[in-house]
Protein chains: 4
Amino acid sequence: MGMARTTVRARRDADRAGADAGAAERRKQILTEAGRLFAKQGFEGTSMREIAAATGLLSGSLYYHFASKEELFVAVYEANIRAVGEAVEGAIEGIDDPWECFEAAAIAHCEALLTGEKTSILDAKFPPVLAQVRSQLIRARDEHERLFDRLIAPLDLAADIDRVLFRLHVLGALNSAILWYKPSSRLTPADVARHVIKVLRYARQGAATAEVR
Amino acid sequence: MGMARTTVRARRDADRAGADAGAAERRKQILTEAGRLFAKQGFEGTSMREIAAATGLLSGSLYYHFASKEELFVAVYEANIRAVGEAVEGAIEGIDDPWECFEAAAIAHCEALLTGEKTSILDAKFPPVLAQVRSQLIRARDEHERLFDRLIAPLDLAADIDRVLFRLHVLGALNSAILWYKPSSRLTPADVARHVIKVLRYARQGAATAEVR
Amino acid sequence: MGMARTTVRARRDADRAGADAGAAERRKQILTEAGRLFAKQGFEGTSMREIAAATGLLSGSLYYHFASKEELFVAVYEANIRAVGEAVEGAIEGIDDPWECFEAAAIAHCEALLTGEKTSILDAKFPPVLAQVRSQLIRARDEHERLFDRLIAPLDLAADIDRVLFRLHVLGALNSAILWYKPSSRLTPADVARHVIKVLRYARQGAATAEVR
Amino acid sequence: MGMARTTVRARRDADRAGADAGAAERRKQILTEAGRLFAKQGFEGTSMREIAAATGLLSGSLYYHFASKEELFVAVYEANIRAVGEAVEGAIEGIDDPWECFEAAAIAHCEALLTGEKTSILDAKFPPVLAQVRSQLIRARDEHERLFDRLIAPLDLAADIDRVLFRLHVLGALNSAILWYKPSSRLTPADVARHVIKVLRYARQGAATAEVR
DNA sequence: AATGAATGAGACTTCATTCAT
DNA sequence: TATGAATGAAGTCTCATTCAT
């Protein structure tokens, strides 16, 4: 009891550089640990007790910061989406050529997804337990996907390609890497992304596909 | 009590109208209902009691047919994969042109996935609860994917395309439709599949993508 | 584990006189124990674990018989009301004189209420936790009170007395004994009831109260 | 942090406009809100957090004013009893006729009970959680009931009526209104009280009930 | 006087599973 | 083959309370 509290406080004192800190910091810790666990074990496979323990808390204490497991999941999910979004935005900064830009975004997206355990929940076909918060999750995801829409717009795609289906195609291909990618492989996440884009790049205007069918 | 059982058996015998099995038939019923429920609610979101009720049984009775929930899930999964595989094989029968064949397979795969609730578990990034049977599930999936390898082999893809990554790309793009496809949409599953293939078809040998990068 | 089960079965075997018995009996046991505990400790003060333990079960097992604590409470409440109702009906059988009949009913009601721990939940101003099932509880109570309406109807009460308020008055006076009555007292429940009726009996037609006010 | 506190204090000082206390005032606020909530939701149905929030405090802060939830309840209860007592004493002031006086008291008691949510805890058959403080609660109630004893003493009741049982009878009949009274009804609390007294008034000395039984 | 963060016990409930019948 | 009754572990969440600041 006394020990646990001491431990926590000690850690916090060490962490903060004279700033005010406090609850916000603890929230971040929880978000980190929960993200890691949700990614590894899924929503239903992760217990609040586990998350609490990983943060150095007792299970009841989580509820001071998040009103429910669902709310916590939503927060984790949004944070993850935001992180990937920021990574992508950072990666494309200053790149002019549309295809180069597109590829850089794909690489950043893929790396954020496959590197670090915390973000692999992104692909989740949300379990029905999350039905109540589904709309929030989808809104967050949509926002991220609109980023890709903006990158796809300036591409000189062949005229018969639907840009919405194209966006779904890219993201589907990229995200599915989560299902099979193993960090131990000789392939980097960037390699995976680059190959996806390489394939798609053939579908530019003026490309010779006329005779088919 | 003894009487009650007799009554029940008598009624069932009457229902069966000279049919063969009994146990095997019941197994199939369970598989069907379990498949429907797993697809709709996920593995963890579906209870054995629910499955039993849907089959007209009590929860304990399931264990006569399947030793555990996991074993039942594996059976459902294998049956689903097999069904999709058969649909695909049926669809490509008699088609000679490699790309035509490829497209027909994609359409069949997509239709099996998006039509009928029973197969949408295919995309599942298996919950960690299933870790013990993971290898069986993956083996089943691999078998299905090798079918696609055979269809991809004869395609005249551009030389710089890796056929394994290409297969993962296709299936990723197709399977991801599960995350967004709504039957109410004006798009048919076949439309989705056709668009995926249309995009990929540009990546044939001799296609003009030379100047890129 | 083995022991617990054996104990339970042994008890059941002893209880049933060759009849079919089974779940119905267990239901009754639970009702009895739950009634006793609810009466002594209130709804919120009684845990399902306690009730289960008192019945020789584990807490989860209760849910085979009752879907929720609320449902269990309703069942207990209805059983209690019914028991009081039957006691009252038995007591008035064959009595012709209206006031005699009324008194006999009051005595029976009071005895059922104060004797045996199980029925003293009757007075409960239901805790708000029970809001969802409140209507069921009230319906049960109303039915019992209508029995009293039938007994009050033939009384030759003074003309200025409202029979509905009169019924509420009687039952209020009788039921309130729960708040103060102690079995150790030299007063029997019947004495209490008799005194209530004695006071009310003065309010008959033709009674001399004219000059007041 | 230090700053935040200063801000808060400054604001409060401004609000207080030269008033006296601070703590005593706060205590009263808490008592009011707690009373309202206990009345509406019961002791167990009301959380300290709720009470704190209603008072504009955080849950921890309550413990500066009250050592425990039980102590707070006792304080509320005593305050309520005292309020009802004072209302009754005020109502009977200057009335000479014993029955008039008795009726005035009943009306005041009933109005205090049914009007204003704060006093309806009076009827509470205290939940067993309150066992530790039960004696204090009962002492407070007894004091109030002794007030009624003083009003009943001078009544010219029929000789066979026990004055203690009579007091319990009156209060039982009056208090039970809490279980069924609805403010929306066409009946005022005073009507209810008046009817109770009207019925009892018949039981005066010399009333003609001789022939019964 | 009050805050905020944490405690830790305990509540209800669900669920896969077992096993005698 | 199927039933019904029970198991027991685990899960989410609530709550009174504490205490350093």
Take N1-N3 plus N6-O4 or O6-N4 for Watson-Crick, N1-O2 plus O6-N3 for G-U, both under 3.5 Å. Which runs of 3 or more such pairs involve DNA chain F? E:2-21 with F:2-21
Rounded to the nearest Å, what distance is computed from the [atom1] atom of residue [X] to the [atom2] atom of nucleotide [N]?
X        : N       : atom1 : atom2 : answer
Ile30(B) : dT1(F)  : CD1   : C1'   : 11 Å
Phe73(D) : dT17(F) : CZ    : C1'   : 19 Å
His65(A) : dA5(E)  : NE2   : P     : 6 Å
Phe66(D) : dA2(E)  : CZ    : C1'   : 15 Å
Leu57(B) : dG4(F)  : CG    : P     : 11 Å
Leu72(D) : dA16(F) : CG    : C1'   : 12 Å
Glu71(B) : dA16(E) : CD    : P     : 15 Å
Tyr64(B) : dA20(E) : OH    : C1'   : 16 Å

Considering only dA5(E), dT1(F), dA2(F), which nucleotide approaches the side chain of Arg26(B) most closely? dA2(F)
Using salt bridge (charged side-chain N to carboxylate O under 4.0 Å, His left out) as the criterion, list what pairs up with Glu70(B), not counting sequence neighbours. none
For Leu58(A), answer base if it contacts any base atom (sugar-phosphate contacts may also be present), sugar-phosphate if it contacts only those atoms, and nothing otherwise; contact means non-hydrogen atoms under 4.0 Å. base
Sugar-phosphate, base or nothing in reach of Leu62(A), heavy atoms under 4.0 Å: nothing
Hits for ring pair (Phe, Tyr, Trp, His ring centres under 6.0 Å) against Tyr63(B), two or more places apart or cross-chain, chain-then-number order -> none
Partners of Phe43(D) by ring pair (Phe, Tyr, Trp, His ring centres under 6.0 Å), sequence neighbours excluded? Phe38(D), Phe73(D)
Salt-bridge contact Glu33(D)-Arg36(D) (side-chain N to carboxylate O under 4.0 Å): yes
What residue among Lys69(C), Arg49(C), Met48(C) forms side-chain contact (heavy atoms from CB on, under 4.5 Å) with Leu62(C)? Met48(C)
Which residue in the set Leu72(B), Ile30(B), Thr55(B), Leu31(B) passes side-chain contact (heavy atoms from CB on, under 4.5 Å) when paired with His65(B)? Ile30(B)
Check whether any side-chain heavy atom of Glu44(B) sits under 4.5 Å from a side-chain heavy atom of Val129(A), and report yes or no. no
Spatial distance of atom CG (Leu37(C)) from atom OG1 (Thr32(C)) [nearest 0.5 Å]: 11.0 Å
Residues two or more places apart in sequence or in another chain: which of them pass side chain to side chain contact (heavy atoms under 4.5 Å, CB included) with Glu71(B)? Phe66(B), Ala67(B), Ser68(B)
Give every pair of a protein N or O atom and an N or O atom of nucleotides 11-14 of chain F that lie under 3.5 Å apart, one pair per line with the distance.
| from | atom 1 | to | atom 2 | distance (Å) |
| --- | --- | --- | --- | --- |
| dT12(F) | OP1 | Thr46(A) | O | 3.4 |
| dT12(F) | OP1 | Lys69(A) | NZ | 2.7 |
| dT12(F) | OP2 | Met48(A) | N | 2.9 |
| dC13(F) | OP2 | Tyr63(A) | OH | 2.6 |
| dC13(F) | OP2 | Lys69(A) | N | 3.0 |
| dC13(F) | O5' | Tyr63(A) | OH | 3.4 |
| dC13(F) | N4 | Ser59(A) | OG | 3.2 |

